[in-house]
Amino acid sequence: MRYRPCAITVTQLPETLNVKQARVFFMELESRMNIDRPCVVIDCSKVHQMDRFAMHLLLCCLEEAIKRDGDVKLANLSADALDALKMMRVDRLFEIYATESEAVNSFYRPRSERTAYGRMPRGADRVSENAA
């Protein structure tokens, strides 16, 4: 039996974020998360460097998803962005995938087949290799 979430939302994190852009991004994503158990994939392919402001935005998105018993997963992180997340230890809070399709497909596996919450899935270490 396969696990079927209600809906999977895939969204692209902008390359640069100012306060207004971040607020718009968060409000749009929050409106799509007004369901039970939201499943969100944030594609970070345009982000070359992850600053504290972007990390805070990701944490806010995760907080909103968790409030609704959902999850947020990251995909397509550059090596620099992944290093920044690791330095701030934010990487432990997200499942990080090399591609968007891997992140989306991970929602279709039962929790027992996935890694424990807050851990990177097997092969995620290759994200930094592929991004270089």
Side-chain angles (χ1 to χ4, degrees):
M1 183 157 124
R2 296 188 89 178
Y3 170 73
R4 297 272 181 194
C6 315
I8 298 174
T9 300
V10 179
T11 187
Q12 178 99 35
L13 192 64
E15 183 176 355
T16 57
L17 286 169
N18 60 31
V19 174
K20 184 178 179 181
Q21 290 171 322
R23 189 172 293 137
V24 169
F25 176 85
F26 182 74
M27 289 173 60
E28 287 176 4
L29 186 59
E30 186 179 33
S31 70
R32 289 186 260 165
M33 285 196 293
N34 281 330
I35 58 173
D36 187 40
R37 302 189 69 172
C39 301
V40 179
V41 174
I42 299 179
D43 183 349
C44 302
S45 59
K46 291 185 177 180
V47 179
H48 300 293
Q49 291 188 318
M50 186 76 62
D51 60 7
R52 289 182 182 194
F53 190 67
M55 284 185 232
H56 182 261
L57 177 63
L58 292 176
L59 291 171
C60 290
C61 295
L62 180 62
E63 179 183 20
E64 289 303 311
I66 289 172
K67 285 179 185 177
R68 296 167 177 84
D69 197 27
D71 200 4
V72 174
K73 300 180 183 193
L74 305 179
N76 296 322
L77 280 161
S78 69
D80 290 338
L82 184 60
D83 288 344
L85 289 175
K86 285 181 179 181
M87 187 179 348
M88 298 300 290
R89 296 184 181 226
V90 175
D91 65 313
R92 297 176 181 203
L93 301 174
F94 294 95
E95 288 183 30
I96 301 171
Y97 292 87
T99 66
E100 182 183 305
S101 61
E102 287 177 10
V104 169
N105 289 334
S106 71
F107 282 111
Y108 290 102
R109 293 192 297 266
R111 193 79 155 158
S112 60
E113 290 181 19
R114 289 188 273 161
T115 59
Y117 184 75
R119 306 283 180 176
M120 291 174 61
R122 268 187 253 152
D125 54 342
R126 68 174 187 219
V127 170
S128 58
E129 294 170 11
N130 291 343

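Just so you know, residue 1 is the first one in the sequence shown, and it goes up from there. Only heavy atoms go into these numbers, but all of them, side chains included; no hydrogens, no water, no symmetry mates.
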Should the pair Lys73 and Tyr97 be classed as cation-pi, given the thresholds of under 6.0 Å to the six-membered ring centre and 45° from the axis?
no
Does Gln21 have more than 12 heavy atoms from other residues, nucleotides or ligands lying within 6.0 Å of its CD?
yes
Flag if over 12 foreign heavy atoms under 6.0 Å of CZ, Arg68:
yes
Using the side-chain contact (heavy atoms from CB on, under 4.5 Å) definition, which of the options Ile42, Asp43, Val41 pairs with Gln12?
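Option passing the side-chain contact (heavy atoms from CB on, under 4.5 Å) with Gln12: Asp43.
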For Met50, run the side-chain contact (heavy atoms from CB on, under 4.5 Å) check against Val90, Leu82, Leu74, Leu58 and tell me which one passes.
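With Met50 as partner, Val90, Leu82, Leu74, Leu58 yield a single side-chain contact (heavy atoms from CB on, under 4.5 Å), made by Leu58.
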Measure the spacing between CD of Gln49 and CD of Glu15 and express it to the nearest 0.5 Å.
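Going from the CD atom of Gln49 to the CD atom of Glu15 covers 10.5 Å.
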Any chance you could measure Glu95, atom CD, to Glu102, atom CD, to the nearest 0.5 Å?
12.0 Å
Show the numbers, then the answer: is there a side-chain contact (heavy atoms from CB on, under 4.5 Å) between Asp71 and Leu62?
CA-CA 7 Å; Asp71 200 4; Leu62 180 62; 4.1 Å; yes
Would you sort out whether Glu63 and Leu59 count as a side-chain contact (heavy atoms from CB on, under 4.5 Å), showing the intermediate values?
CA-CA 6 Å; Glu63 179 183 20; Leu59 291 171; over 6 Å; no
Tell me whether Arg32 contacts the main-chain N or O of Thr9 through its side chain, where contact means a donor paired with an acceptor under 3.5 Å.
no
Strictly distance-based, threshold 3.5 Å: is any side-chain N or O of Glu64 a donor or acceptor partner for the main-chain N or O of Cys61?
no
Is there a chain of hydrophobic side chains (I, L, V, M, F, W, Y, each step under 4.5 Å between heavy atoms) that links Met88 to Val72?
yes
Could you check whether any side-chain heavy atom of [X] comes within less than 4.5 Å of a side-chain heavy atom of [Y], counting everything from C-beta outward?
X     : Y     : value
Val19 : Phe53 : yes
Leu85 : Met55 : yes
His56 : Cys60 : yes

Nearest heavy atoms of [X] and [Y], plus distance in Å:
X     : Y     : result
Pro14 : Phe25 : CD-CD1, 4.0 Å
Leu57 : Ala22 : CD1-O, 3.9 Å
Ala7  : Ile35 : CB-CD1, 4.2 Å

Between Lys46 and Asn76, does the side-chain contact (heavy atoms from CB on, under 4.5 Å) criterion hold? Intermediate values first, please.
CA-CA 9 Å; Lys46 291 185 177 180; Asn76 296 322; over 6 Å; no
Using the rule given for side-chain contact (heavy atoms from CB on, under 4.5 Å), can you reason through His48 versus Asp80, listing the C-alpha separation, both sets of side-chain angles and the distance that settles it, and then say yes or no?
CA-CA 6 Å; His48 300 293; Asp80 290 338; 5.9 Å; no
